[in-house]
Each structure stands twice: as structure tokens, then as C-alpha cells.
Amino acid sequence: MEPECRRVFDDVETGIREGRPAAFSQHFGPQVQIHLRGFEGGYVSSAQAYYVLENFFQGRRPVGVRLTTFGDTGGAPYGSGSAVFNARGNRESAQIYVSLTRLQGRWTVGQLNIR
Amino acid sequence: MTDGFSGRAASPRDGRRIRNIVSVSFAFLAAVLLILAWVGKGITIRALEDRWERFSAERATAYLAAAAQRFGAEQRTIRILAVDLAQSAEVQEHLSGRNRDTIALFEAVARLSAGRGVGTEIFDRTGTLLAWEGMSGSEESTDVARALKGQLVSSVHSTPITSQLFVICPVTTPDGIAGAVLVRQTIGVTYPLSERFVGRRDLAARLSEELGVSVTFRFDAAAAPAPDDRSVSGVLYGIDSARVGSVTVLKPAQAGYLQSIASTFDQVTGAILLLLLLTSGVLAVRLILRASLARGAKAAGVILAVWGVRLLMIWAGVPSPTLVSGGIFDPAVFATTFAGGIARSAGEMAITGIALALSILIPGRLFLLRRLGEPPLRHRGSAAGRGILLLAAAAGIPLLLRAYAAVVRSAVFDSTLVYNDPRVVAPSLELGVMMLNLFVLSAAVAVVCAFLAAYVLTGIAGGSAGLARRLAWVIGGAALGAVSVLYGLLHPSPLTTDLERLGFILILVVWAWRLDRRARRLRDLVTMQNFLITMGVAAALLYPVLEGFVAEKDKDHMRFFAADYLQPVDGWLTTIVDEALQGFVDRETGPTLLDGDTESVERLAFSAWAGSTISKEGYNCLFLVTDAAGAPVSRFEIGGSAEVPRDLADVIATDDDRNIQVTDIGSGQGTVKVYSGTVPLRAEGDTLVGFARVVVSAEQQALFRGESPAILRGSLSGPAGSFLRPVIASEYRNGRLLASSSPLWPMNLPVPGEVLVAFRDPASPAVWHEEEIDGVRYETLYARPVAGSPRILGLSVPKPTLLVRLNALLRYLIYVAAIAALVALGALAVRAARGTPYAFTFRDRLLAALLATALLPMVIIALYARNEAAGRVLATAADRLDRETAAIALSLQQGAMDWRSGALGGGVAEMIAGELGTDFNLYLGNRLAATSRPELYEAGILDRRLSGAAYAGVVQQGKRFFVQTETIGQYTYAVGYRPLAVASGGVTAVVSVPTLYRQDAIDRQVAEQNAVVFGVYALAVLGILVIASTFANRIAAPIQRLTQATRRVAAGDLDVPLGDVRAEGEVGELVRSFGSMTEELKRSRESVRRFERQAAWSEMARQVAHEIKNPLTPMKLTLQHLRELFSDGAPEFRAQFEKGAAMIIGQIEALSRIASEFSSYARMPQPRLEPVDVNAVMRESAHLFDREEGISFNASYGAELPAVMADREGLRRVFVNIVRNAIQAMPDGGTVSVTTRKSGRSVVVTVADTGTGIPEDVMPRLFQPNFSTKTEGMGLGLAIVKRILDDLDGTIGIDSEAGAGTTVTITLPLP
């Protein structure tokens, strides 16, 4: 996997672990397909994705996050893993899936699933 | 407010003081509450932490009681319905044998249980089912038998999928118990279907949400679990006091509960903080405006205060997303990161808009008030300086337009709102707020650009007039257009087209020309006409820009959609298959497989699918559970064709670990990629009890996501669902169509030659192309995964027709009209609140009457036409169902299948459905025997029993075709029924065709029909508006002219031309009579004037002669006396000379004063109007007299008194005159009281004295020239005062009481 892709995945993992979308929002493409627990999902702009994630993390404090599987089939890198959140005192497990898209010479987050 | 004079309380000041005290008190209270909330949060959380164990047990017990109570309430509701049914006349008559009409019984049951979401059954005294309505359930024969013995029975029956609460009530007739009524309701659903389909039937989920704690019900004979550290449990009883199950409530988790308490406090704190910020902001602005500061400083202060509050709101996170979550504050609706979050949602953008408006309007008012009477555009400075300014202004328009377009683009691209949905008539709140935001922004940009254009063009035209001026404007307009085009050429991304900019500039030039011609003063700009023009220009500006970006986003969206489907999905599909396998493990499938009952085991595959992402996304898949030997025990499959599952089964037969495999099934063009995985299932002791296997088909998902019905998806979203127009996905291989989601696209359709040519360029991944298929024009995006790939994806959307575009325009105009009406209503409300309500004119009332008369019947007709149009679509759907049921019936009757025995398997039914292109169900008796969609029945959301109404219609009444709408949750769809087999004993089999899978298409068709109806009527409404407005103008014009003429006559202007007023009938007669009357008045007035002039001259001559004569006599006597003394050589001559000369000089000065006074009166200077601070002028005037002996002043000056337009010197003269009169009226001393205040649209000044008062007979002559009660002066003072005030459109009134004093009241109008 390209180092640049790895860096994006690292930023995403760090951002989710810290509940801080600002840590990886710079990697969002102009439109991001985003699916979160409690959010119906679909294509949103990078700005929307930032605030949607911010609201998401306000209701869920990350306890543990790890991207464990990475792939690069057909030039579409992806990473998947799991996360545990504290949602109003209840522990919630979620699966994470992130896929990247090459856009204007750089790797951007095209899809982000946390559910 | 008091000044140097001794103050006394005046009521306006009291009002202001009270308002200030209330505001400060409110802010103080809010601050105290804020501190209390913060402190309270800490104390509460600390207290809860200290006694958590006891508290959590108490809370859990309370929740338990609430849950049990709610369960009881559900039972009571169902019981009431059961009793009502049992006591209904139809049930009583039928069961007592008085009326055996079964159809009437079916109808009664349907009527009485309609809309309740329950299943209802009527049994006779032998326990035979007679009639039913709604969902069925398990056979409750034992419970029915108990009810038939007179017992009220209540119980819950659970399956692995659902739990049903039911009540059985005996039907008692005079002859005894004649039968029973059973009512059942689903209270538990164990899989995550969209709420759209299940409604809110899961009681445990509802209670968990309401109470904020996990609540679970168990409906079995087992004893309630004993309380432990984590939960408390209680027994649930039925109405008959029998035990029906238990309820368990988890004790609140400490961290979560405390977090929710803290969150509640935070919400309260946020609300208080918001109020505190707003109150502080209002107070700050008021203080700044009242302070003795320069205008610039005030303006800066207001801007700082407004934006300070706004930024503090953002910093403090109010309005908090938790306080007002969703809706207009939902970032998923709209959000932009611009400027640190001032528009992070539609609601935040609206708040920022209000802040922006306040920070422009308040300072603007401060500055503009000074110039209200001046021309709106005035050019100052040197020619060079002006030239630079003009150039900057000309360049400012395209720059401003680009900034504006960037905001509109963000509103489109940073939102999920659909701005041009033809199916929507009334916008949602979110869309309405965004449209309002955009429209207000457009209006602001239009006004600023119009001023810039007017500034530039009037600057270019200079002082020219006539043709030269017109020519200058044309040249200037052309120059503005050229600058805008040049800007487009120079800027890499101008965001607007040349045509859009040129069109806008043309509108601006025409508008600016109109303003230049009509607006002589700044106040002329604030008119209703200009408001409407601004609205129109804003609409014209916004529409093309918005439409352009919406179209661009649609195309962008298509590109993302194509990229999404073309990119390799191995990673994603591997992940979700893995997740589904983990789901089997998490659900403890192994133990169930080992110990569960048959039904539970059979449902394992479906339950695992229902909880997986695969179901949410709608992938075609197979879920399989086998025993340890590999024999299937539970299987759920969705969306596959007959061939694929067989291949998939071959694949999975070899898998026995958790590894995911990717396999190509088939060959050549028909190759399908599948993702499969297996997980071993283990029970206690790690014993292998079986395997769970999941298989997902990738290619099928890409093109035929619709195969998985929306009804079975946990989520309704999907890329295709985001498109406004239906998207047709087609896959081409080697230049020929391989598969398409639309049956209208012919197989082997070639890829258009232009597309293939374009694809020769390796850098071209996607190409747009227009084509016509089956008479419909489509816009298709052809895309390929990599250059040279034989696989091409085609995404086609129907091209918008002219009607659709017209519809969009009309809908947009309706939005504009609604926003304009909203703004106008707001303005009316503000005026009413300020005590100056808008007076509706005759034209307004006439227009309202005409519109009401025309629109009321039109609305009724439109509603009728809308229903008719929807009815026609539904009738067409019913016709289709008729034909399809007939075809199915024919196919079954002519086929070789043995359907009569109920042996028609799901696979056979699916095959027949595939051949005929429609799904169907087969009922034998009233039970489902076969279906082409077994998954729907597996899910338990479709009933396996024939609908009661269909049974009554087809079986009982023998109808050849019966259609009805059926509902699941909030989802309504049509079903057609047809008898299949008619034996001598009646109908034995029924075939039904549901529109479940294509109901969305039918709904879309109905919505489109409605949109067409709406479009036609909206056009008619616009026509009516134009016609009614024209008629109202024509009819009201003579009346308006007459009203204006009356006002002018009342003001003394009798030269009112009415010759051009065209009016017939009574109004014409009125106009002519009015003309004659004014002519007669003119003649009379001329006679009076002549007489008055004559009298005035006589009086003036007499007065002048008298006044001059008075000093002349002593002068003459003095001179004669001096001459005698001189002649006599008297020694005292020198002394007498000095004395006499002084006397003569004094008399000459008196003559000079007399001459000056006459001169002043005769030659009053032209007033120079400017904004004047009345308080300041009055203070200066009063201070001239503050050393008068025996006189004390008492002053009360109104706070924040607006400036009046007046001649400062003239006003000073008025005040000095009045104050002097007051002092002179108190020779023995007294008090002069001065007050100023605002009253409506005027400033009122009163000057009161405690003097002798004015005799009543003198009052009428006070303002006559040369009238005076004093011994000195010409008596012109009050006449001059009156004349100055008349010039200012002001008034003066005198109220006096002899011996008590006099009060002079002056009223000055506000601009």
C-alpha cells in the first residue's frame, strides 16, 4: 500500500479514536458516502461530513478504535476494523469501513462507514 | 433622563426606565440561573455518585412499574376494542342468528377496527372463524374455548419474529354466550425493519427510548428472573389476572446516566446562555445608541456588539445541537465550514443572516437619517477620484456576483436538499429556510449591485440631460456589461455564465435608470413598488444561478454514482460478509441450533440476515445454516435467479472456515462475482453443532438493487434513491447491452458510436450522451472502470421536458411569492406594533376581493382535479392488476402444475412470476399456499391469511376481480384478487397480485400527475393575479387620484388637475363634481385673498403709521425744547442736549427695531432642512434664560429622541420665542416646564408656565401678525413661530387657563 494511503488511514483511525473529525477531514473528497449508526447515510459534501461526524461523536465517546484489515484491490484501497463507543453509558460495538478514491492526484476518503 | 434642570418624572421616561430595569433584571436573573445551573449540575452529579447503588435500584424499580403499567394500558386499549366489537349490533345479530349476512359481518369488523393496526377475528359458539380483518397469528383455539365459557382471556404469543398481545372477549346475547371476539396486536418485532413498514409496534423499543433504559419483555411461562446487580424484573399479568410473562429493566449504568443528567443540565444551561446572550446583545446595542458618541463610533459599536453575540453563540455552541437537534439545525441537511461555523446548518445560516442584517440596518439608519431629504446619489470629489471610484464600482458588480454565486453553490453542493423536486408543492421546513436564506441574500446583492450600477451610470451621465443623458446611460450600461464579460474571461472560475451576468446587468441598468428618474430623495427609495421590484430582481438573479448549480450537482452526483459502482468492491463486500458471519456468532446461533424449537431454528437464517448490513444495503444474497454434517436447516435467500443459488450452493459446500472467498460464477459475459464465507457454529463446551454461510452476489447488486424490496430493508437510502429522476442502470460488454434495470432497453443495444469514439481517449473515463429510447429522451452517462475495459456502465435519466421546466419555474415563483408575502406580513406586524398600522387602500381591498373571488373556486377545482388525476393513475394500476391476475390465473389453470393440492413450491411460483413479469400469491381457502416472494412471508410482515375484505369480496360475494389498498406500517400499496377455482361449493382458490415492488413507481406517477395539475393551476393563478391586479388598478385609479386631490385641496392647493382621469358612471360624475367644486373654491378664495390683502395693507399701514408716530412726537418735542434752550442761551443747554440726544437716539433705535420686525416677517428666509436634535436645540434655547430672576426650569427630555428634519435656526427661534413668552407671562416669577417626547411618527415639545394665563377672548387672535398683549414689540413673535412650523409641516397648540398658566404644544413630524 502506498505510504500516502497509509497516512490517510492512520489519520482516520486517530480521528475516530479521539472523536475529532478535524484530524482527518482534510482527506475528504468533495462528496463522501457516509453511513453512521443512527444516521441514514448517503452522499454528503466534505463540510457536511465534518459536522455530521462532529454531532456523531458528541453522542458517542470512542473507547477503542482499530483498523485491522487493509486491502488495495484494483487500485481502490480500503481499511476495515472495529470500534467501541460509550453511548450515554452504554457500550456500543461498531464496524468501521473506509475506502479511498484517487482524486486530482491525491487519495481522498470516498466512503466511511461506522455502524 | 435629567439634565442640569431640576428633574421630575415624566411618563415616557418612566416607560424607558422600566424597560431598562426589566432588561437588566432579566439579564441578571439569567446570569444567576446560569450559575445555579452550573452549580446544580456539579452538586447533582456528586450527590448521585455518592448514593448511586440505592438510586439506581430505585430508578430501575420505577421504570419497571412504568413498563408494567404501559403493558397494562396496551391490554386495556385492546380490551375496549374487543368489548366494543362484541357489543356491536352486527356481531350480536349475526351470532344470535337474527341476521346471517356474512358479508355485512366482514364489513362491520373492517369498519370497527379500521385504522387501529390490529387483527380482529369473530368466532361462533363452536369456535369456528366467521369473519376477520387485519393480521392473523397463531391458532388460539384453547384460549377461544376458554372465552366461549364466558371468560375474558388475555395472553401473549411469541414467535422468533414477533410477539402478539391478544384479548378474547365472549359475545353474550340474550340466549347466552354466542361466540367470541379476538383482537390481537403486534407488540414486539425482533428484527430491524424500517419504521416506515412496521410503524412503532415494538413496545420494548418504544419504552426503552422513552425511559432511556433497556427494557425487555419475555412472554413465556418461565418465572421472572431474580434481581441481580444489573437488572430488576417483574411479572406481567393479563386482564384475566393470569401470568403472561415478565419484564426486565436494566439498572441505569452510572456513567451513562450521569452523562445524560449532565447533558440535560447542559441543555438547560445552553438555553439560558442563549437568552442571556440575546438580552445582553439588545442591551448593549441600546446603550451604544444612547451614548454620546459620534455616529461612526456608534456604528462600530453596534457591529461589534452584534457580531460579538453571534460569535459567542458559536463559541458556546448555542443553539446546541442537542437542544434543537435535527431539522434546520441538522448538518446533514446543509453545512459549510466557511468562517468557523457561521453557517454550519440552515438554521445557523439564518441566524447569521439576521446578525448581518442588524449590523447593516442599524448603522445604515444612523447615517442615512441625515440624508433622507437629499438625492440618493451624489457625486463628490475630483474628476480623477470619481473616475477611480466609478471603475471600482463597475468592477465590484462581477466580484460581488461571484461571491454570491459561491454561496449559492455551497447551498446546493453542501446540502442534501432537493431544490427542484417536481413532486413537491409545499417545501419542507428545511427547504423553506434555505430558500428564505438564499432569497434574502439575493435581495441584498441585488440592492447593492443596483446602487453600484446607479452610482456608476449617474457618474458617467454627470449633469447631462435628455438624449445625451440617455446615450450616456446606454454607453455606461454597455461598459458594465463589457467589464462583466472581461471578468469572465480573466477569472478561471467565475461561477456564473456570461449570459447570466449580462442579463443581470441589463436588469440593473433598467432598475437604476428608474431610480435615477424617480427617487429625488433617499426616502423615495423606501416604497412598496421598490420592495416588489427588489423581490422580482432577486428572483431573477437567483433562479438561473440556482438551477445551473442544481443541474451541475445532478451530473456530479451521477459521476459519483458511476464511480461507486465501477470501483472494485472486493473490500467492501468482504467486510460485510465477514460482519454477517460475525452476526451469527453474536446471536448465539450455535446454542439455538442445539436446543431451540423447530420454528426458532428455521428462522435463524432470516434473523441473521435481518440484522446485517447486507439487508440494509439490499444486496442479493443467500444466508444458510446447516447442521454439523452440512445438511441445511435454515435458509434465507433474496434477489437471486434460479441459476445463481445452485452455483452458490456448490461454492459454499466446500467452505468450513471463516475465510472469505471471491469466486467467479459462470463464464463470458454472464460472469458473476460472488463473495462467500462460512463460520462454524459452536454450542456450550465448544461443541461444533453446525455451520453458517453467507453468499453475496456483486454484479446483481450493482444493477438490480431494486430486487431487494424496500420493505425488507432497514434503511431506505441508497445511491439511486438520492436521485430525483428515476435512474436506469445498464451494463454493456464489448459494446453491447448486457443487462438493464429497465425492461424498455432492448438487449444487445449498441453503445452509441460517439461514445466509443470518445472512449478512444484513455483520459476520458466518462462521457455524457443524449439518446431516445422508446419515445423518451434520456441523458446518459457512459463510464468505464479503466481505459480499454470491455465493461461500460450506462446511467440514464429522463431529460426534463418543457412541462417539467415550466413546473419548476412556477413552483419557484410560488416560493418567491410566499417569501414576499412573509416579508410583507412582517413589515405590517412591525408597523402595527409601533402604533402606525398600515391603512389598506381601496385598491388593496378591491384586489383582495377579486383574488378571493377567483381563487377560492379555483382551489376547490384544483383539489378535485388533483384527486381525479390521482384516481386515474390508480385506476390504471387497477386495470393492470386486473390483467395480471387474469394472466396468472390462466397460466396456473393451463399449466401442468398441481396447485390445487397446495404443492406449488416457492421455486415454481418464482418461475411463473419470472415468465409473466409479475409477482403473485396463491391462496387455498383463506390460507397462503404459494408465493413468488417467500421472503416477505418469512419476514412475518405479510399475512399468510387472505385479507378479510378480499375473502368477503371474492369468495363470499363471488366478484371476478377485487382490488383494495393494504397497509404495512405507513406503507400503502394496492393488491388485486381474482378467484382461481370455482367449485360447486364456491370459490376454493384465489390468486392475488400485490404492487408492493412497484408501488414506489406508482406513487411517483401519482406525484408527477399532481405536479402537472399544480403546474397548470399555478399558471392560472399567475394569470388571475395579473388580470386582477390590472382591473384593480384601473378601477381604483380614479378613486386614488380623487383621494390625492382631496388631500391637496385640504392642504390648500386648489390647482389639482383631474382632466386626465378617465372614469365612467358615478365615479366619473364624482370627478367632474369635484373639479367644479375646486374651481368654485378657487374663485371664492381669490376674492377672499383680495379682500384680505386689502385689509392687511390697510391694517399694516395703520400700524406702521401708529408705531412710527409714537416715537416721532417725543422726538419733535425734544428737538423743539432744545431749540428754545439754544436760542435762549440757557446755561443748562449742554446738559439738556445730552439728555435729549440720548432720548432721540433711543427712539430711533425703537424705529429701527420696528422696521426689522416688519422686515423679518415679510422676508422669512428659505428653510434649510437637516436632521436636527430637538433636545439639543431646546437645551440651548432654554439656557439663554436660565439667569432670569425668580424663574425656575423643570425639564424632561425624551431619551433616544429621533432627529427631525428642520431648519435649525428656525427651530431655535421658535423655542426662544415660546420660552420668552412663558417667562414674560410670569412677572412675579414661576416655573417653566419643558418636555420633549416621541409620539407615533412625531416629536412633541411642550412648554408650560405658571403665569397669568391668556384670556379666552384673546386666544383666537394669538397667531395674527401685529397682535400683542404686551406693551412693547410688534406682536409678530407667534405669527413668525406659526409660519416656521407651517414650513416644517408641524403644528402648534396653546392651552391656557386664566390664573393657572399656559401650555404650548408643538408637534414636529419625523421623516
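Below, chain A is the first sequence line, B the second, and so on; all start at residue 1.
Between the A:Q48 side chain and the B:P331 main chain, a donor and an acceptor come within less than 3.5 Å of each other.
Here the shortest heavy-atom pairing between B:D414 and A:S45 reads OD1-OG, 2.7 Å. For the residue pair A:Y43 and B:H557, the shortest heavy atom distance occurs at CD1-NE2, 3.5 Å.
Residue contact with chain B, scored on non-hydrogen atoms closer than 4.5 Å, involves the backbone and the side chain of A:Q31 alike.
In this structure, the separation between CZ on B:R344 and OH on A:Y50 is 9.5 Å, given to the nearest 0.5 Å. Atom CD1 of residue B:I576 and atom CD of residue A:Q95 lie 10.0 Å apart, to the nearest 0.5 angstrom. Separation of atoms OH (A:Y51) and CG (B:D330) is listed at 13.5 Å; rounding is to 0.5 Å. Remark: A:S46 OG to B:F413 CZ distance equals 12.0 Å, nearest 0.5 Å.
In A:R106, the CZ atom is crowded: over 12 heavy atoms of neighbouring residues, nucleotides or ligands sit closer than 6.0 Å.
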